[in-house]
Amino acid sequence: MKSSRPWKELSTSRRAGIVALSSVELVLTTVAAVDLYRRPQERLRGPKALWWPAIFVQPIGPIAYLKLARRPAGAAPATAPGS
């Protein structure tokens with residue numbers, strides 16, 4: 001297994017890449033968390049209790065929440081067949 005190198009031994013471009021990707025990840029997670037907090041349950045696909053831990057699974061969680069969990073403002077919630 002390859003051992004990780006200390007920060008000071010990384011090249012400038014590698015450091016910049018890590019900082020840039022970390023920033024994007026932080027922004028995506030923050031946007032997803034704020035949206036999840038403010039969005040009513042009726043405008044979500046699935047329970048909020050399951051989306052909270054999911055948005056902290058990096059880097060897929062916030063992207064999945066933003067793409068899959070949110071219903072548009074005018075969309076009616078799905079109903080069970082026969083209801």
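Source: prediction; values computed, not measured.
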(request) Taking all heavy atoms of Ile55 and all of Ala33, pick out the closest pair and write down the distance. (result) CD1-CA, 3.6 Å

(message) Do Leu36 and Leu44 have side chains that approach each other closer than 4.5 Å (heavy atoms only, starting at C-beta)?
(response) yes

(request) Side-chain contact test, heavy atoms from C-beta onward, threshold under 4.5 Å: evaluate it for Arg71 versus Arg45 and give yes or no. (result)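 Side-chain contact under 4.5 Å: yes.
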
Under the side-chain hydrogen bond (donor to acceptor under 3.5 Å, both in side chains) test, which residues partner [X], sequence neighbours left out?
X	answer
Glu25	none
Arg39	Asp35
Ser11	Ser13

(message) Strictly by salt bridge (Lys or Arg N to Asp or Glu O under 4.0 Å), give each pair with a member in residues 56-68 just once, sequence neighbours left out.
(response)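 Those involving residues 56-68 do not exist here.
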
(message) Taking side-chain contact (heavy atoms from CB on, under 4.5 Å) as the criterion, tell me which of Thr30, Val31, Val24 meets it with Val27.
(response) Val31

(message) Could you measure the distance from the OG1 atom of Thr29 to the CG atom of Leu66? Nearest 0.5 Å is fine.
(response)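 Going from the OG1 atom of Thr29 to the CG atom of Leu66 covers 9.0 Å.
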
(message) Could you measure the distance from the CZ atom of Arg14 to the CD atom of Glu9? Nearest 0.5 Å is fine.
(response)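 So the gap between those two atoms works out to 12.0 Å.
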
(request) Could you check Lys8 against Arg15 for side chain to side chain contact (heavy atoms under 4.5 Å, CB included), going step by step and ending with a plain yes or no? (result) CA-CA 9 Å; Lys8 64 183 178 180; Arg15 286 186 203 179; 4.1 Å; yes

(request) Return each pair, listed once, that meets ring-ring contact (aromatic ring centres under 6.0 Å, His included) where at least one residue sits in residues 28-73; pairs must be two or more places apart or across chains. (result)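 Every ring-ring contact (aromatic ring centres under 6.0 Å, His included) pair that includes a residue of residues 28-73, provided the two are not neighbours, is Trp51-Tyr65.
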
(request) Run through the side-chain heavy atoms of Ile, Leu, Val, Met, Phe, Trp and Tyr, join any pair under 4.5 Å, and report what else lands in Ile18's cluster. (result) Trp7, Leu10, Val19

